[in-house]
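These notes are about the structure you will find just below.
Just so you know, these numbers use all the heavy atoms, side chains as well, and skip hydrogens, waters and symmetry mates. Naming: A, B, ... by sequence-line order, numbering from 1 per chain. Keep in mind that this is a model prediction, so the values were computed, not measured.
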Amino acid sequence: MGSELLERRAVISGVGQSAIGRQIDRSGFQLTLDAITAAVADAGLTLDDIDGLAMFPGGGTGNVPGYGGADIYEVQDALRLTTTWRQGQVEGMSLPFYAPAMAVATGQARHVVIFRTVKEGSAARNAGGRPAYGSTKPAAEGPLAWLLPIGALSPVVQVAPFATRYQHVHGVTREQLAWIPLTQRTHAARNPDAVYRDPLTLDDYLAARMISTPICLYDCDVPVDGATAIVVSAVQTAPDLRAPVAIEAMAGVTDGRPSWDQWDDLARVGCATADAMWARTDLRPADVDVAQLYDGFTIEVVWWLEALGFCGPGEAGAFVDGGTRIDLGGELPVNTWGGQLSGGRLHAAFGHTVEAVRQLRGEADGRQVAGAEVAVVTNVGGYESGAALLTTMSR
Amino acid sequence: VTEETQPFWDAAATGRLLVERCSACAAESFPPRGICRTCRSRDVALVEIAGPGHVYSFTVNHQRWLPDLEVPFTIVLVEFADHPGVRVAGRLRGCAPEDVAVDLPVEVGFEPGPGGCSIPSFVAAGAAS
């Protein structure tokens, strides 16, 4: 299997981030410019090389406070770019680099910047410390039409029944799954950019307040302020790039019923996407050196561990128990930057992609997985999801 | 409420739970889409279904997402042995939060919701509604 796959004609060439924190006193637009300029420099390029722009969400700021931070046209104007390809992404955002890879592989652009900016930390504070998420949704329609009226106002409440069902079907306990947030906090202590770095114990976890059972405070990712930018380049430009990373395989399948309440089997998520990804590569789960698995909530890491075949259905509780396997030095270090649970909700796998690139370059200072050559990155789960394998160029 | 969902909410106001049934293959589905999700026939009709149902999954929400939101409350996803293909989300009454469980039998019910509409509010079997 080889070079005919379009993702083999694209590389991830640069990653960059603004300051990240619970509250950054800088506009979302300025954070966006910080991240883009950092990512372009990281790629070994200049802004004049950039001829494509993409962002999540599309259409500027979403209708949730702090959900977006910069409009694509304002960014193009401020940076004085000329673009031959642009895209906002909501549907089809299975991975940040998915559509940009298609653009450079098909010659529509050579170097695409995709960015994601959040000000959700400030938005939560401005709402009186109360999570602002879900509080400004207009009339219920679309996939949330049947959930908002009954008070399932937040993604926490919408995802919680998945965790309930999973634990019921497989007899997995909160004490086992706690090792996902606990181990990720251990990772975060090694990452100076993570927002929560103090040690977290099992007792802390079990004493934490419930948000929506069985999801407690530490099962939820952390709203933050921050921007992330990623540069995706055509593979033939590799000689001009500082440290590109190869895209071995990528996929994003929406199957079943695309809704949080109607999804067929709440105990099993992400399988169609994972299967489609593995079908595009000769690599197998045992070849993966480090995993950056989307973690809006603890249960989403469970979905991906099982969907990708790192363990069997219902086995994630035993897999993560004690944290040894998923810690640095374990057989599958997971979310080595702290993930969104401790590193911050940079959202849509932007933070996960940045960490995968740094690990494959050997640039994950203080938390490097020795000899990492293959990384898996996943995004969300449920009805919109993506999964990709990234590798070193020499592999 | 949209033009697509208006009939559901109108029926809910009178205490009736409507789902969609296909006139061609008899499959039932929720929410109504004006097309059968099994055979894709457009010859579908809204029909009332009744209990008993059972809890497929649930969550007890403790977070006060809005200033006037009373917590805790239980959200259930209910399926019906006599109506395969139908799953409806709603509140749960007649059961303490710590006693809710998967497979708990429930009856169909409604309660006042936001904006003057009646929202599904299932009643634990054996509880006084």
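For the atom pair A:C216 SG and B:H62 NE2, the distance stands at 11.5 Å (nearest 0.5 Å). Atom CD of B:Q63 and atom CZ of A:R209 lie 5.0 Å apart (nearest 0.5 Å). With rounding to the nearest 0.5 angstrom, the OG1 atom of A:T164 is 9.0 Å from the CG atom of B:L77. Atom-to-atom distance recorded for B:R87:CZ and A:R257:CZ is 8.5 Å, nearest 0.5 angstrom. Atom CG of B:N61 is separated from atom OG of A:S154 by 8.0 Å, given to the nearest 0.5 angstrom. For the atom pair CZ of B:R91 and CD1 of A:I150, the computed distance is 7.5 Å after rounding to the nearest 0.5 Å.
Contact between A:W146 and B:A89 at its shortest, heavy atoms only, is O-CB, 4.2 Å. The two residues A:P149 and B:P114 come nearest to each other via the heavy atoms O-CD, 3.2 Å. Closest approach of B:I75 to A:V157, counting heavy atoms only: CG1-CG1, 4.1 Å.
No more than 12 heavy atoms of other residues, nucleotides or ligands sit less than 6.0 Å from atom CD of B:E70.
Identified by a heavy-atom distance below 4.5 Å to chain B, the contributing residues of residues 263-273 of chain A are A:W263, A:D264, A:D265, A:L266, in residue-number order. For a heavy-atom cut-off of 4.5 Å, chain A lies close to B:Y56, B:S57, B:F58 in residues 50-58 of chain B.
Within the 4.5 Å cutoff, the side chain of A:D261 has no heavy atoms near those of the B:V88 side chain.
Neither the backbone nor the side chain of B:S118 comes within contact range of chain A; no heavy atom of the residue lies under 4.5 Å from a heavy atom of that chain.
Counting heavy-atom pairs closer than 4.5 Å to chain A, the top-ranked of the candidates B:P72, B:G113, B:G90, B:S121 is B:G90.
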* Decide yes or no on side-chain contact (heavy atoms from CB on, under 4.5 Å) for A:T213 and B:V100, but give the supporting numbers first. => CA-CA 11 Å; A:T213 63; B:V100 188; over 6 Å; no
